[in-house]
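All heavy atoms count here, side chains included; hydrogens, waters and symmetry mates do not. It should be emphasised that the depicted structure is a prediction, and the values quoted were computed from it without experimental measurement. Order of listing sets the numbers, starting from 1, for every ligand and every atom in it.
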Amino acid sequence: MNQMQTEIISQLQKFRLDKIEPFAESDDEEKKFRMEIFNELGNLGFTGMMVPEEYDGAGMGLYDSCLALEEIAKSSVAHAITISVSNMVQSIILAGGSEEQKKEFLPPLAKGQEIGAFCLSESSSGSDAASLLTTAKKVEGGYRLNGSKMWISSAGIAKTYVVMARTGGEGASGISAFILRDGMEGFSYGKKENKMGWRASPTREVIFDNCFVPEKNRILEEGKGFKVAMAGLDKGRISVASIAVGLAQRSLDEAVRYSLDRKQFKQAIFDFQGLQFMMADMATEIEASRLLVHHAAGLFDTGNSNQKLSSMAKLKATDTCMKVTTDAVQVLGGVGYTSEYPVERFMRDAKVLQIVEGTNQIQRVVIARNLKKEYRG
Ligand code: COS
């Protein structure tokens, strides 16, 4: 790690311990998102990490961004995921947006004044994203959107939404991507989900009722929306993986510390080999996941993006996170299952990491398809 990266981590460690950690438990219980924390992270340059400075971003790489998200996730997956999804929206606009779109939409997102949300899933199209039903009908000067999107992270608190809608026929090639803004006529929010984890990050349905979107808000040409979404997810999945590494690391920290203090049968429970082996496996799996995440992110930063490795990082890190957080609860025993210690929250927060941005079954589909291509040509 270079000096700048070490500084990112120590600055964020201080920030999360001072500003996030004290409220993490109560915000989870009350399902409270604190916009002021997001704004402050923006002031420090952590909400637009990969956006160039000309659009008010920090001009960092995906690797740097993963280090930052790993650190934030040690105290709050809810805040880390809000930044990660907003980053994905920015990277989509940066990669496919016109100069006008970049100038209009990127600066408030990059500075952390606003949040971005990504709208792909629908009630009948989750894993099979290309079957989405929301329509965008061409009208004079733009499009009329009708339909709804489900399980949208930051819906209601975000201002800028990247929305995939059907402008053409069936399948992936009939989908286009649009930038929508909170407050547009015909744009509203449905029910807020009551979730097992990530409770401080709102998840809601987004509804389009004859919502007019000007033509200038379409990203790239008609029919490119699915590719825009998939390319965004290639990066997003690495970010989700880095969040999983942070959450797993914090859970291991809690388990080791507790087991060194807790005495049973006249010795620290850490000294029982059964628990030592468990924690040795936790530490090894976390390190392996971290290396895979760093490798995948590093490839992106050198212009060698690799869809297979992105899916591998997401699969490995989030499955590891589920196992490690579950084992951390086991190490703490009875108190681990109560909110007296944070590991029960960590276990709840881990589960959806295996589901979002493509379930881990979909990651295996992507990996297998790439293997087939490599071996069959
Ligand atoms: N980058 C750029 N283009 C991509 C791409 C990527 N990562 N992945 C696929 N494409 C392109 C393909 O090359 C293909 O283009 P051509 O028709 O020009 O060859 C097109 O997109 C369709 O791809 P494909 O045939 O693979 O689409 P499928 O319907 O089979 O879907 C999966 C592929 C299952 C991988 C996709 O639907 C998926 O990722 N599903 C999960 C959705 C998801 O992650 N949802 C979470 C939402 S955020 S919580």
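At a heavy-atom cutoff of 4.0 Å, ligand 1 is contacted by the backbone of S127 but not by its side chain. The proximity of R237 to ligand 1, defined as any non-hydrogen pair under 4.0 Å, is limited to the side chain. With a 4.0 Å heavy-atom cut-off, ligand 1 is reached by the side chain of V366 but not by its N, CA, C or O. Using a 4.0 Å cut-off between heavy atoms, V365 makes no contact with ligand 1 at all.
At a threshold of 4.0 Å, the pair K316-E285 counts as salt-bridged, since one of the basic side-chain nitrogens sits closer than that to a carboxylate oxygen. Ion pairing between E104 and K216 holds under the 4.0 Å rule for side-chain N and carboxylate O. A salt bridge links E122 to K149: one of the charged nitrogens lies within less than 4.0 Å of a carboxylate oxygen. Ion pair E36/R34 flagged as a salt bridge, since at least one NZ, NE, NH1 or NH2 atom sits closer than 4.0 Å to an Asp/Glu carboxylate oxygen. We find that D28 and R345 are not joined by a salt bridge, their nearest charged nitrogen and carboxylate oxygen being 4.0 Å or further apart. Remark: E222 does not engage K138 in a salt bridge, criterion side-chain N to carboxylate O under 4.0 Å.
With distances taken over non-hydrogen atoms, the option nearest atom 47 (C) of ligand 1 out of A172, S121, S305, S311 is S121.
There is no protein heavy atom closer than 4.0 angstrom to atom 13 (O) of ligand 1. In this structure, atom 32 (C) of ligand 1 is not in close contact with the protein, since no protein heavy atom lies within 4.0 Å of it. Remark: atom 16 (P) of ligand 1 lies closer than 4.0 Å to at least one protein heavy atom. Atom 21 (O) of ligand 1 is approached by the protein to below 4.0 angstrom, counting heavy atoms only.
The contact set between ligand 1 and G358, taken as ligand atoms under 4.0 Å from a residue heavy atom, comprises 43 (C), 44 (O), 45 (N), 46 (C).
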What donor-acceptor contacts under 3.5 angstrom involve side-chain atoms of residues 325-333, with partners at least two apart or in another chain?
unit_1 : atom_1 : unit_2 : atom_2 : d
T325   : OG1    : C321   : O      : 2.8
T325   : OG1    : M322   : O      : 3.1
T326   : OG1    : M322   : O      : 2.6
D327   : OD2    : K323   : NZ     : 2.8

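Taking the ring-ring contact (aromatic ring centres under 6.0 Å, His included) definition, one finds that F46 meets it with nothing, sequence neighbours left out.
Residue S131 places no heavy atom under 4.0 Å from ligand 1.
For K227, a nitrogen or oxygen atom sits less than 3.5 Å from a nitrogen or oxygen atom of ligand 1, counting backbone and side chain alike. Annotation: Q307 places an N or O atom under 3.5 Å from an N or O atom of ligand 1; distance criterion only.
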